[in-house]
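Counting from 1, the numbers follow the sequence of the chain as shown.
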Amino acid sequence: MLSRIKNLNVFLNDSDKKSFLKIIKEVIHFSWIKKALPTDYFRKYLYRRDVTDYTSYLSFKEYNSILSSKQLVFPEISALLNNKLSFSLLCKTNHIKTPKLFSYHIKNRFYFNDKIFVIHTENDLLSFFENVFETQNIDALFLKPLQGIGGQGCILLNKNNLKNKIQHAKKSLLKASYLHQECIEQHTEINKIHAKSINTLRCVTYIDKENKIHIVSIFMRFGVGNSVTDNVTSGGFYIAVNTETGVLQGQGRQSVVMGGNVFNNHPNSNFKLDGFKIPYFTEACDLVKYAALYFPSRIIGWDVAITHTGPIIIEGNHNPDLQTSDTAYGGYCKSPIIKEILKEINTLPA
């Protein structure tokens, strides 16, 4: 409910609105065409002057029908994707490029080098991570909750200020369960746009009825300010990627609940977004198609980082955020693959 109120506030304060008469007509038409309440008309900025083909956007009913379809989303695969430890271990087994896992913990039981450490105190925590840093000869660790979304709860540990960081994070660490992974070194070309966060591609794969793997859409997310994550819920923004060329296209957009701002240039670096060619793009597409073979839900969203040596999968998502793809691409229903999906799950006439 709170997010809907924020949507309305952004709409009311937006200077780029169509006339109220036109908005009313479109809302009624959208509802009639989609046979659903027009809840996403405002969240996806369909009221703005530059949006003419508003019926090509998914309604919430269509979006929900895709992600709740037992024909497309398999619970057993979703469970593997949701548990980041299971995902990391399966990727390692099947030679899918993911961040290296050094250690992990479940509540107060910490696992490293085939040993179990029961941690109770701040000094225990400090000793454990000092051991990991020294044994692995590393300077930083990225800690990620075993179960979590939107980059929430992630912790960056650095060797040079470890004691101070442990002091502030000890309650979170001992109350939850985390992976302890390598810190990724992002490609220098992407660092020119924003170096504070790892800026990832969201690649949506789809397996058709003949078991052919397609890439439905790709958008790229960028962090803003000093945030170490690129998630839109942390104030970041997203921009569409041309799936044929690997080039950023159009404008960057923040989530409506974060203010709905639009960017031609990154707000921190002033780097022009439209036309930027993503390094190792072909390899990134090949990587997510390979991963889809081992996690065969028919629709998955993959988060991919680009390093100096190529792409690496951060995680797979059973809920691939089709709403953001829909907005980034100016209407997902224009896609032949989305039309095929909607037809298969009986939301469109044959």
Side-chain angles (χ1 to χ4, degrees), residues 74 76-106 110-114 132-133 135-157 176-187 190-191 197-205 207 213 215 218-221 223 228-231 278-297 299-321:
F74 307 144
E76 59 270 36
I77 302 300
S78 297
L80 294 174
L81 295 171
N82 289 341
N83 187 299
K84 292 178 176 58
L85 178 58
S86 299
F87 179 74
S88 178
L89 295 175
L90 278 168
C91 285
K92 181 180 179 181
T93 298
N94 294 298
H95 309 291
I96 300 168
K97 294 180 181 178
T98 52
K100 183 176 180 180
L101 179 66
F102 290 113
S103 53
Y104 63 93
H105 73 269
I106 301 172
F110 284 61
Y111 301 82
F112 174 59
N113 268 359
D114 298 323
V132 175
F133 281 126
T135 304
Q136 298 297 326
N137 192 27
I138 55 175
D139 295 320
L141 276 174
F142 191 72
L143 275 55
K144 185 189 300 182
L146 260 61
Q147 292 185 313
I149 58 173
Q152 296 175 358
C154 293
I155 299 170
L156 179 63
L157 294 183
S177 304
Y178 282 81
L179 297 183
H180 314 154
Q181 296 179 319
E182 68 173 322
C183 288
I184 298 168
E185 292 188 18
Q186 185 166 248
H187 197 286
I190 297 175
N191 277 339
S197 65
I198 300 298
N199 309 295
T200 57
L201 301 171
R202 167 60 63 87
C203 307
V204 178
T205 57
I207 303 175
I213 300 171
I215 292 179
I218 302 175
F219 63 82
M220 191 165 191
R221 295 176 298 200
V228 298
T229 64
D230 61 356
N231 301 86
I278 297 165
Y280 292 112
F281 180 74
T282 300
E283 292 84 349
C285 294
D286 291 341
L287 177 59
V288 296
K289 286 182 176 181
Y290 177 72
L293 294 172
Y294 293 93
F295 296 89
S297 255
I299 189 162
I300 291 178
W302 306 94
D303 292 342
V304 181
I306 307 297
T307 73
H308 301 292
T309 57
I312 187 169
I313 292 179
I314 304 299
E315 62 186 34
N317 301 269
H318 78 280
N319 178 347
D321 197 5

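- Val132 and Phe102 get closest at one heavy-atom pair: CG1-CB, 4.3 Å.
- When side chains are defined from C-beta on, Ile300 does not count as touching Asn317, because their heavy atoms never get closer than 4.5 Å.
- Crowding of Glu283 atom CD: a count of heavy atoms from other residues, nucleotides or ligands under 6.0 Å exceeding 12.
- Residues Leu85 and Leu101 form a side-chain contact, since some pair of their non-hydrogen atoms from C-beta on lies under 4.5 Å apart.
- The line from CG of Asp139 to SG of Cys183 is 9.5 Å long, rounded to the nearest 0.5 Å.
- A side-chain donor-acceptor contact under 3.5 Å links Arg202 to the backbone of Pro320.
- Between Thr135 and Asn113, some side-chain heavy-atom pair lies under the 4.5 Å cut-off.
- Note that OH of Tyr111 is 12.0 Å distant from OG of Ser103, once rounded to the nearest 0.5 Å.
- Distance check, rounded to the nearest 0.5 Å: CD of Glu182 to CD1 of Ile138 gives 9.0 Å.
- Among residues two or more places apart in sequence or in another chain, the side chain to side chain donor-acceptor pair (under 3.5 Å) test is passed with Asp286 by none.
- To the nearest 0.5 Å, atom CD1 of residue Ile314 and atom CD1 of residue Ile198 are 7.0 Å apart.
- One N or O on the side chain of Asn199 and one on the backbone of Ser197 form a donor-acceptor pair closer than 3.5 Å.
- One finds the OG atom of Ser86 at 6.0 Å from the CG atom of Leu80 (value rounded to the nearest 0.5 Å).
- Using a 4.5 Å heavy-atom cutoff, the side chains of Leu90 and Tyr294 are not in contact.
- Side-chain N or O atoms of Thr93 include one that pairs as donor or acceptor with a backbone N or O of Leu89 at under 3.5 Å.
- Listed for the Ser297 side chain is a donor-acceptor partner under 3.5 Å among the backbone atoms of Phe74.
- The shortest non-hydrogen separation linking Met220 to Ile190 is CE-CD1, 3.8 Å.
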Decide side-chain contact (heavy atoms from CB on, under 4.5 Å) for Arg221 and Asp303; before the verdict, give the C-alpha distance in whole Å, the side-chain angles of both, and the deciding distance to 0.1 Å. CA-CA 10 Å; Arg221 295 176 298 200; Asp303 292 342; 3.0 Å; yes
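- A 4.5 Å side-chain heavy-atom check between Leu157 and His180 finds every atom pair outside the cut-off.
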side-chain contact (heavy atoms from CB on, under 4.5 Å) between Phe219 and Val204, worked out: CA-CA 9 Å; Phe219 63 82; Val204 178; 5.8 Å; no
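- Ring-plane geometry between Trp302 and Phe295 is classed as perpendicular, the angle between the planes exceeding 60 degrees on a 0 to 90 degree scale with a lower cut at 30.
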Please test Tyr178 against His105 for ring-ring contact (aromatic ring centres under 6.0 Å, His included), starting from the C-alpha separation and ending with a verdict. CA-CA 5 Å; Tyr178 282 81; His105 73 269; 5.5 Å; yes
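- Across Leu141 and Phe133, no two heavy atoms sit closer than the pair N-CE2, 3.8 Å.
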Lys84 vs Leu179, side-chain contact (heavy atoms from CB on, under 4.5 Å): CA-CA, chis, key distance, verdict: CA-CA 7 Å; Lys84 292 178 176 58; Leu179 297 183; 3.7 Å; yes
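- The number of heavy atoms from other shown groups lying within 6.0 Å of NZ (Lys144) is above 12.
- Proximity of Ile313 to Cys91: side-chain heavy atoms (C-beta onward) are nowhere separated by under 4.5 Å.
- Nearest heavy atoms, Ala284 versus Leu201: CB-CD1, 4.2 Å.
- Across Pro279 and Ile306, no two heavy atoms sit closer than the pair O-CG2, 3.5 Å.
- Inter-residue side-chain proximity for Gln136 and Lys100 is flagged as met; some heavy-atom pair is nearer than 4.5 Å.
- Here the shortest heavy-atom pairing between Ile77 and Pro296 reads CD1-CD, 3.7 Å.
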Walk me through whether Ser78 and Asn319 qualify under side-chain contact (heavy atoms from CB on, under 4.5 Å). CA-CA 9 Å; Ser78 297; Asn319 178 347; over 6 Å; no
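- The aromatic rings of His187 and Tyr280 sit perpendicular to each other, their planes meeting at more than 60°, with 30° as the lower class boundary.
- A 4.5 Å side-chain heavy-atom check between Phe142 and Ile155 finds every atom pair outside the cut-off.
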